[in-house]
Amino acid sequence: MLQLNFIRENKDEVITRLAVKNFDAKELVGKIITIDGDRRKIQGELDALNSEANTLAKQVGDLFKSGKQAEANELKNKSAALKESSKKLEATLASTEEELNKILVLLPNLPSIKVPKGKTPADNEMMFSEGEVPKLYAGAQPHWELTTQYDIIDFELGVKLTGAGFPVYKGKGAKLQRALINFFLDNATAAGFTEIESPILVNEASGFGTGQLPDKEGQMYHVTGDNLYLIPTAEVPITNIYRDTIIKSEDLPVKNCGYTPCFRREAGSYGKDVRGLNRLHQFDKVEIVQIAHPDKSYEVLEEMRNYVAGLLKKLELPYRILKLCGGDMSFASALTYDFETYSAAQQKWLEVSSVSNFENFQSNRSKIRFREANGKPQLAHTLNGSALALPRIVATLLENNQTETGIKIPKALVPYTGFEMIT
RNA sequence: GGAGAGAUGGCAGAGCGGUUGAUUGCACCUGUCUUGAAAACAGGCUUGGGUAAAACCAACGGGGGUUCGAAUCCCUCUCUCUCCGCCA
């Protein structure tokens, strides 16, 4: 959520910058400014009225104390009249504020000035790429064949237990999952992130805080009996830890990480993109989250970007980094880097991580603030990134490392798997 | 699932209808003292709206009500804790 003051004072900038996200904000911004003007006018009137009523009430009290009943009663009537009009104003104010908030949450975050214009993923800016695309032998197969061949992931069994998109990992497949999770967590904690194990069900306030609710309600699994949501990413609980808190400035940046399963309904997905591990309803992910001083958040973003790149390098996977264009960015993000690894058998790039700076868009919703020495509280910047999401890493790992005699495990992972080959 | 208790500032904890946005303690900040620190003393220290700055307004878990006046009384919702039951 953008800050009201900022919109009021930078109306044209808001409109121009949102145009980079292909969002036409002209009408909404105009409405916001009009309604906000109304709101402030009403608030002013109400304040004046309340002030008068407060004075009156005090006088009545004093009169009663000094035994002047008659005069007190007279003032009482006056006060009752005031009350009626203040009640009306209060109701108007409440509906005005509601209307304002409804529109305010419709505005996406401003893209950073570094964000390239563009409409589709084709317009994303290639930043960096590293690693060789492997040459596979003649009989090489996509991962959904390999998983069956080596009996390490059973998609059919998942359908039996739950439904499509809930695979069952078996044997070395299950061990590989556990190895990757531990590998990612160990790396993150070595890089200074504090490991968090959080709930994977969250309440409505948390969903709102990070921006999943109200607009993306349909993407989360909703437990209606208790009105809780299964998290689509650990970003939700780990960021919401700081909802409604004022952090001491010396505690910034806050660096947390966590492994959780993630749940996504992926309504509307279909076709070959969802084949195998490419798109699941439940998957494992290690997430890194930072809460940073506004002046430092872009340095922090670069730090996180380098960190994720380091992981892919250790796993010996060919990858590239894209700076997302305005049209491909998420609603809440100000700047996003996507990491993609090359899946040799599918012959395409798969997104395995997304690292974003949300500036104060999330913190304004969730009131995550910090205070500098003797200063007023101000909004902090929030950032997060996948480090990493498992399924597509597993997919490229299996495909790229397949040989005629089995699948090779990258060196860095062997201490975690305990085996060098899947055979 | 049953019974009871409670929700107040960073924390602890008063307050039970009238200058209480809130006593006090701890923590924290500033000053005096000290070579420095500690101690002691003095002062400061919730958040939001509003303003050039003030004034002013709002908020004592959320919502509603009673009253001239509510943190204080009533209703309702949510959450937490204790005991019992069940149980990884």
Side-chain angles (χ1 to χ4, degrees), chain A residues 1-9 32-101 103-105 197 199-209 213-214 222-229 237 240-252 254 261 291 360 363-380:
Chain A
M1 189 161 67
L2 297 175
Q3 288 189 100
L4 197 50
N5 284 343
F6 184 86
I7 297 172
R8 197 191 297 144
E9 285 157 26
I32 287 171
I33 289 178
T34 312
I35 298 171
D36 179 49
D38 293 347
R39 187 209 111 226
R40 290 199 291 166
K41 189 167 152 260
I42 298 164
Q43 180 82 62
E45 287 169 22
L46 181 63
D47 284 358
L49 219 57
N50 280 339
S51 178
E52 204 179 325
N54 286 345
T55 321
L56 228 52
K58 256 177 213 166
Q59 286 173 0
V60 172
D62 289 342
L63 287 173
F64 267 123
K65 268 189 206 159
S66 52
K68 296 174 183 161
Q69 291 282 348
E71 287 175 55
N73 283 327
E74 202 177 307
L75 283 187
K76 260 169 130 177
N77 293 335
K78 217 169 155 189
S79 187
L82 274 183
K83 188 165 186 190
E84 212 156 294
S85 33
S86 91
K87 238 187 183 167
K88 260 188 217 157
L89 268 183
E90 257 171 43
T92 322
L93 184 65
S95 68
T96 309
E97 278 175 349
E98 196 185 326
E99 200 186 345
L100 186 60
N101 278 327
I103 301 179
L104 216 47
V105 296
E197 183 174 315
I200 57 176
L201 283 153
V202 294
N203 57 26
E204 245 175 296
S206 295
F208 179 82
L213 294 175
H222 187 194
V223 181
T224 49
D226 295 285
N227 195 25
L228 296 171
Y229 294 86
N240 272 283
I241 290 173
Y242 302 93
R243 169 156 49 83
D244 292 320
T245 47
I246 300 173
I247 303 166
K248 286 185 203 147
S249 66
E250 63 259 35
D251 292 337
L252 295 178
V254 172
I291 295 172
N360 64 24
S363 58
N364 191 35
R365 287 178 153 237
S366 44
K367 300 290 171 261
I368 299 173
R369 294 174 292 174
F370 71 98
R371 191 202 314 270
E372 276 173 331
N374 298 320
K376 281 238 150 207
Q378 49 179 314
L379 295 173

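So that the names make sense, note that chain A is the first sequence line, chain B the second, and so on, each numbered from 1. Computed from a prediction, not measured in an experiment: that's the story for all the values here.
- Straight-line distance between the C1' atoms of B/G62 and B/G69: roughly 23 Å, to the nearest whole Å.
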Run the side-chain contact (heavy atoms from CB on, under 4.5 Å) check on A/N50 and A/S86 step by step: do they pass?
-> CA-CA 7 Å; A/N50 280 339; A/S86 91; 4.3 Å; yes

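- For the pair A/I246 and A/T55, both in contact range of RNA chain B, the more 5′-proximal nearest nucleotide belongs to A/I246.
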Apply side-chain contact (heavy atoms from CB on, under 4.5 Å) to the pair A/L379 and A/I368, showing each step before the final yes or no.
-> CA-CA 6 Å; A/L379 295 173; A/I368 299 173; over 6 Å; no

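- The same atom, P, is picked in B/U8 and in B/C60; the two are 12 Å apart, to the nearest Å.
- Base pairing of B/A22: no nucleotide in any strand meets the Watson-Crick or G-U wobble criterion (both distances under 3.5 Å).
- The side chain of A/N54 lies closest to B/C57, out of B/U66, B/C57, B/G48.
- Remark: A/N101 CG to A/R39 CZ distance equals 9.5 Å, nearest 0.5 Å.
- Nucleotide B/U78 has B/A7 as its partner under the Watson-Crick or G-U criteria, with both atom distances under 3.5 Å.
- If you measure from atom CG of A/N5 to atom P of B/G50, you get 6 Å, rounded to the nearest angstrom.
- For the P atoms, the distance from B/U19 to B/U24 is 16 Å, rounded to whole Å.
- Checked by distance alone, A/K83 brings a side-chain donor or acceptor within 3.5 Å of a matching partner on the base of B/U67.
- Within the structure, every side-chain polar atom (N or O) of A/R371 is placed at least 4.0 Å from both OP1 and OP2 of B/G10.
- Nucleotides B/A27 and B/G6, compared at atom C1', are 25 Å apart to the nearest Å.
- As a whole-Å value, the separation of A/L56 CG from B/U67 C1' is 14 Å.
- Contact between A/I103 and A/I32 at its shortest, heavy atoms only, is CG2-CG1, 3.6 Å.
- Nucleotides B/U66 and B/C11 place their P atoms 34 Å apart, quoted to the nearest Å.
- Rounded to an integer number of Å, the gap from CG of A/D244 to C1' of B/G9 is 15 Å.
- Rounded to the nearest Å, the gap between the P atom of B/C75 and that of B/A7 is 16 Å.
- Which of B/G48, B/A58, B/U67 sits closest to the side chain of A/N50 comes down to B/A58.
- Distance from the side chain of A/R40 is smallest for B/U51 among the nucleotides B/C68, B/U51, B/C56.
- Atom C1' of nucleotide B/G49 and atom NZ of A/K367 are separated by 13 Å, given to the nearest angstrom.
- Pairing partner, B/A27: none, since no Watson-Crick or wobble contact has both distances short of 3.5 Å.
- Atom NZ of A/K248 and atom C1' of B/U46 are 16 Å apart (whole Å).
- Tested against A/L2, the residues A/N360, A/I7, A/L104 include a single side chain to side chain contact (heavy atoms under 4.5 Å, CB included) partner, A/I7.
- Within the shown strands, B/C84 is the pairing partner of B/G1 under the Watson-Crick or G-U definition, both distances less than 3.5 Å.
- The side chain of A/Q43 approaches B/G49 more closely than any other nucleotide in the set B/G18, B/G49, B/U47.
- At least one side-chain nitrogen or oxygen of A/R8 sits closer than 4.0 Å to the OP1 or OP2 atom of B/G50.
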So A/T245 and A/R369, side chain to side chain donor-acceptor pair (under 3.5 Å) or not? Walk me through it.
-> CA-CA 6 Å; A/T245 47; A/R369 294 174 292 174; over 6 Å; no

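- Per the geometry, CD belonging to A/E45 stands 15 Å off P belonging to B/G50, to the nearest Å.
- When rounded to the nearest whole Å, the span between CD1 of A/I42 and C1' of B/C56 equals 18 Å.
- A/E250 places its CD atom 9 Å from the P atom of B/C29, with the value rounded to the nearest Å.
- For B/C60, there is no paired base (Watson-Crick or G-U wobble, both distances below 3.5 Å).
- In this structure, B/U67 forms no base pair with any nucleotide, since neither Watson-Crick nor G-U wobble geometry is met with both distances under 3.5 Å.
- B/U76 and B/G21 have their C1' atoms separated by 26 Å, given to the nearest Å.
- Nucleotide B/U34 forms no Watson-Crick or G-U wobble pair with any nucleotide shown, as no partner meets the under 3.5 Å limit on both distances.
- Of the listed nucleotides (B/G65, B/U47, B/C68), B/C68 has the atom at the smallest distance from the side chain of A/V60.
- Within 6.0 Å of CD in A/E250 there are more than 12 heavy atoms belonging to other residues, nucleotides or ligands.
- One P atom belongs to B/G9, the other to B/A71, and the distance between them is 15 Å to the nearest Å.
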